[in-house]
Each structure stands twice: as C-alpha cells, then as structure tokens.
Number of protein chains: 2
Amino acid sequence: MRIIKKETDYALRALYFIHEKGGKAAVSQIYSQIKAPRPFLRKIFRMLALSGILISKKGKNGGFEFKKPFNSITLADINEIFDEMTPLGGCPFKNRICSNFRSCALKGKIRAIEQETYQRLKRTYIKDMWD
Amino acid sequence: MRIIKKETDYALRALYFIHEKGGKAAVSQIYSQIKAPRPFLRKIFRMLALSGILISKKGKNGGFEFKKPFNSITLADINEIFDEMTPLGGCPFKNRICSNFRSCALKGKIRAIEQETYQRLKRTYIKDMWD
DNA sequence: TTAAATGATATCAAAAAAGTATCATTATTT
DNA sequence: AAATAATGATACTTTTTTGATATCATTTAA
C-alpha cells in the first residue's frame with residue numbers, strides 16, 4: 001500500500017520549510033535543506049503554484065509564497081496534486097479494466113476503502129504533522 | 001493511492017470462484033473465468049498455499065482447496081501476502097530513506113494513516129465483497 | 001546588462017508491478 | 001509402466017509508474 005508519493009513527501013517538507021522561513025522562499029534555498037533534487041523540486045513547486053497552493057514570483061529575488069494559508073492546507077490538498085483518486089464508478093486498475101467491468105462487485109468496495117483513507121487525509125492538516 | 005495490487009484482485013476473484021464451485025478447483029478451471037493469465041494465477045496460488053489460505057493437491061485431479069475457512073478470510077489476510085506494510089518506526093519510502101530519518105516527524109503520521117486503512121482491511125471479510 | 005529566479009517541456013533512469021517460460025515433482029488414470 | 005494433468009520452484013522478461021534530469025525561454029530586480 002502506498003499512501004503518498006515522494007513528490008508529496010518533498011512538497012510537505014518544503015511547505016513547512018517556507019512556513020518556518022516566514023512564508024516566502026526560493027527553490028535554491030530549500031532543496032538542500034530538505035534533501036530534494038533541485039530540478040525535481042522545481043517541478044513540484046510549479047505544480048503547487050498551478051494548483052493554487054503557492055504564488056510564484058519570477059525574476060531576481062523571486063520565489064514562492066503561500067496563496068492558500070499554511071494553516072488551512074490539508075494532506076489531501078497536496079496529495080491530490082500528485083496522485084489521482086479512483087473516480088466514482090471507476091476501476092482502481094484504470095489500465096487493466098477486465099471485461100466484467102459492469103458486473104464487477106469488487107471495484108466499488110475497494111474504492112470505498114480508498115475514499116475512507118482520503119477522508120482521513122482531508123482531516124489531516126499539514127501544520128499538525130510536525131507535532 | 002494504490003490500496004491493493006492486481007495479484008490481490010485476482011486472488012479475491014479466484015477464491016470466490018472456488019467457494020462457489022464447492023470449495024475445490026484447479027488453476028486450469030479458474031483462470032479463464034476470472035480473466036487472469038494462467039501462469040500468473042499459478043504463482044498467486046502457490047503463495048496462497050504457502051500462506052496457509054489454501055491446501056494444494058498435486059497430481060492428476062489435483063488442485064486447491066481451502067485450509068482457512070472461506071468465511072473467515074479477510075481482505076487483510078490476502079493483501080498482506082502480496083503487499084508489505086510499513087513496519088513500526090519504519091519509513092514508508094524504504095529505499096529512499098533520507099538522512100533525517102531519526103528526527104523525521106512525517107513517517108509516523110503517514111504510517112498511522114496506512115495502519116488505519118489496514119485495520120479497515122482487517123474488518124472486511126471477502127465473503128461480503130460480492131453483496 | 002547581468003544575475004537569479006520561475007515557466008514550460010522533452011527526455012531519461014530506476015524501481016515496482018505484471019506477466020512468461022521452463023523444468024522438476026507428484027499423483028491418478030489407463 | 002506410461003501417459004496425463006496437476007502443482008513446486010525459480011529465473012526471466014515486459015510494461016507501467018515513479019523519480020529525476022536537462023534545456024531553453026521568460027521575467028524581474030539590482
């Protein structure tokens with residue numbers, strides 16, 4: 001079972017770091033602190049910006065700052081940027097849908113469990129993850 | 001998020017099929033019914049036998065039958081054969097443990113969520129998954 | 001004008017998951 | 001005894017996903 005991806009892990013650490021630094025930082029200041037590869041973290045940050053978690057400032061002295069308040073960000077907010085949930089009525093094995101899709105009783109049960117876990121992520125605020 | 005692997009999925013369908021067939025069947029009778037590749041299902045069945053879920057009978061007219069009663073088998077029983085949980089105190093990214101393992105606050109939180117999901121699997125009896 | 005930041009995108013590499021192939025062993029049937 | 005049909009064991013291959021790079025364009029402040 002894989003709850004989160006490495007991208008989510010890096011994103012969480014990076015967001016926490018920015019928060020501690022007063023709410024703004026550039027990738028060059030962060031990546032070594034959280035042991036993330038610079039170009040990978042850059043990609044992650046672009047997605048965080050596209051998703052409305054951060055605002056990016058280009059140019060010298062640029063960087064990223066929070067758009068969504070740090071205290072309001074949940075683990076689900078970050079996770080869903082990097083990992084898709086099975087849609088309602090969908091099969092958890094997107095690419096390997098078998099021919100009994102219609103009558104398949106399992107997919108709904110598995111998805112329900114996935115959704116319960118997702119609800120748990122929704123209740124987890126990242127600000128509390130370092131307590 | 002990936003709750004179960006395809007191996008678990010096939011195993012569930014196969015066990016249900018055996019149950020419907022009266023409690024005993026050979027791989028050759030099952031694989032086409034559940035749309036699983038024969039050699040893959042064979043490998044899966046060997047693991048189910050090694051794990052004490054099934055008993056195997058070799059030779060002509062051989063096959064597999066339940067060792068553990070069908071009604072007592074949970075989703076967790078099957079899942080844990082094919083997918084390992086993060087151990088207590090361990091890192092969910094086994095292969096990419098960073099240098100701040102000791103002080104890492106995240107790994108415990110993520111594992112706790114994983115464990116909650118696992119507890120849910122433990123409460124799910126496979127006999128009920130076709131209701 | 002230069003330096004230092006992000007935007008965008010294409011590509012690559014490593015790991016995990018899914019699936020195959022093959023030969024050995026065992027038991028039943030003929 | 002021989003043929004058949006099942007599992008045991010194991011090594012290998014392929015496909016998919018995840019993690020990571022590389023590169024060039026654009027923007028902005030000093």
Side-chain angles (χ1 to χ4, degrees), chain A residues 1-11 13-14 18 21 24-32 34-51 53-65 67 79 81-84 86 91-98, chain B residues 1-11 13-14 18 21 24-32 34-51 53-65 67 79 81-84 86 91-98:
Chain A
M1 196 181 315
R2 201 215 63 236
I3 300 295
I4 63 167
K5 292 194 196 181
K6 197 67 191 167
E7 282 159 301
T8 300
D9 180 61
Y10 287 144
R13 293 173 202 275
I18 297 173
K21 280 288 182 185
K24 187 181 175 190
V27 168
S28 60
Q29 302 169 302
I30 304 170
Y31 79 94
S32 61
I34 66 167
K35 277 100 185 172
R38 169 136 66 162
F40 196 36
L41 193 60
R42 239 151 72 61
K43 197 162 70 170
I44 289 167
F45 268 55
R46 196 160 55 84
M47 295 184 77
L48 290 171
L50 286 169
S51 306
I53 303 293
L54 297 174
I55 288 172
S56 69
K57 303 283 189 189
K58 291 177 83 171
K60 197 163 184 173
N61 300 337
F64 293 87
E65 56 192 312
K67 182 173 185 184
N79 186 249
I81 294 169
F82 304 104
D83 205 353
E84 283 179 28
T86 303
C91 173
F93 303 101
K94 308 188 252 284
N95 290 317
R96 269 171 256 270
I97 301 173
C98 43
Chain B
M1 197 181 313
R2 199 214 67 236
I3 301 294
I4 63 166
K5 293 196 197 181
K6 197 66 191 168
E7 283 157 302
T8 299
D9 179 61
Y10 287 144
R13 293 173 202 273
I18 297 173
K21 280 289 181 185
K24 186 179 176 192
V27 168
S28 60
Q29 302 169 302
I30 305 171
Y31 79 95
S32 62
I34 65 166
K35 276 103 186 170
R38 169 139 63 163
F40 196 35
L41 192 61
R42 242 153 67 66
K43 197 162 69 170
I44 289 167
F45 268 55
R46 197 161 52 87
M47 296 184 77
L48 290 171
L50 286 169
S51 306
I53 304 293
L54 297 174
I55 287 172
S56 70
K57 302 286 188 187
K58 292 176 83 172
K60 198 164 183 175
N61 299 336
F64 294 88
E65 56 192 311
K67 182 173 187 183
N79 186 250
I81 294 169
F82 305 104
D83 204 354
E84 283 180 26
T86 303
C91 173
F93 303 101
K94 308 190 253 286
N95 291 316
R96 267 171 260 269
I97 302 173
C98 43

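Letters A, B, ... mirror the listed sequences (proteins, then strands); counts begin at 1.
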Trainee: Please examine the side chains of B:F93 and B:C98, heavy atoms only from C-beta on, and report whether any two atoms are closer than 4.5 Å.
Mentor: no
Trainee: What is the distance from CD of B:E7 to C1' of C:dA18, rounded to the nearest Å?
Mentor: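 Checked: the CD to C1' distance equals 7 Å.
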Trainee: On a plain distance test, is the side chain of A:K58 in donor-acceptor contact with the base of C:dG7 below 3.5 Å?
Mentor: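 Per atom types, no contact qualifies.
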Trainee: If you count the non-hydrogen atoms of other residues, nucleotides and ligands that lie under 6.0 Å from NZ in B:K21, is the total more than 12?
Mentor: no
Trainee: Which of the following nucleotides, C:dA18, D:dT17, D:dT7, is nearest to the side chain of A:R96?
Mentor: C:dA18
Trainee: Select one nucleotide: of D:dG8, C:dT20, C:dA8, the one nearest the side-chain heavy atoms of B:K43.
Mentor: C:dT20
Trainee: Let me know the distance between CD of B:Q29 and C1' of D:dA6, rounded to the nearest Å.
Mentor: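 Checked: the CD to C1' distance equals 10 Å.
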Trainee: What's the CE-P distance between A:M1 and D:dT17, to the nearest Å?
Mentor: 19 Å
Trainee: By nearest atom, which of the nucleotides D:dT21, D:dT7, D:dG19 is closest to the B:F93 side chain?
Mentor: D:dG19
Trainee: Expressed as a whole number of angstroms, how long is the span from A:Y10:OH to D:dG19:C1'?
Mentor: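 Distance check: A:Y10 OH to D:dG19 C1' gives 8 Å.
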Trainee: Given D:dT7, C:dT6, D:dT18, which nucleotide is nearest the side-chain atoms of B:A26?
Mentor: D:dT7
Trainee: What is the separation between atom CZ on A:R42 and atom C1' on C:dT9, rounded to the nearest whole Å?
Mentor: 11 Å
Trainee: Given C:dA21, D:dG8, D:dA20, which nucleotide is nearest the side-chain atoms of B:P39?
Mentor: C:dA21
Trainee: Counting side-chain heavy atoms from C-beta on, which of D:dA20, D:dG8, C:dT20 comes nearest to B:R46?
Mentor: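 Closest nucleotide to the B:R46 side chain: D:dG8.
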Trainee: Report the distance from atom NZ of A:K60 to atom P of C:dT2, rounded to the nearest whole Å.
Mentor: 12 Å
Trainee: How long is the line joining CE of A:M47 and P of D:dG19, in whole Å?
Mentor: 12 Å
Trainee: With a 4.0 Å cut-off on heavy atoms, is A:F45 in touch with a base, just the backbone sugar-phosphate, or nothing at all?
Mentor: nothing
Trainee: Please report the shortest heavy-atom distance between A:L54 and A:F64, naming the atom on each side.
Mentor: CD1-CB, 4.0 Å
Trainee: Where is the tightest heavy-atom contact between B:T86 and B:P92, given as atom of each residue plus distance?
Mentor: OG1-CA, 3.6 Å
Trainee: What is the distance from CZ of B:R2 to P of D:dT16, rounded to the nearest Å?
Mentor: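 The answer, rounded to whole Å, is 16 Å.
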Trainee: Between A:S56 and C:dG7, is there a contact of a side-chain N or O with OP1 or OP2 at under 4.0 Å?
Mentor: yes
Trainee: Return whichever of A:K6 or B:R38 has its heavy-atom-nearest nucleotide of DNA chain D closer to the 5' end.
Mentor: B:R38
Trainee: Using a strict 4.0 Å threshold on nitrogen-to-oxygen distance, state whether A:R96 and B:D9 make a salt bridge.
Mentor: no
Trainee: Let's see if you can work this out: which of D:dA9, D:dT18, C:dG19 has an atom nearest to the side-chain heavy atoms of B:L50?
Mentor: D:dA9
Trainee: Nearest to the side chain of A:N61, heavy atoms from C-beta on, is which of C:dA18, D:dG8, D:dA29?
Mentor: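 Selected nucleotide: D:dA29.
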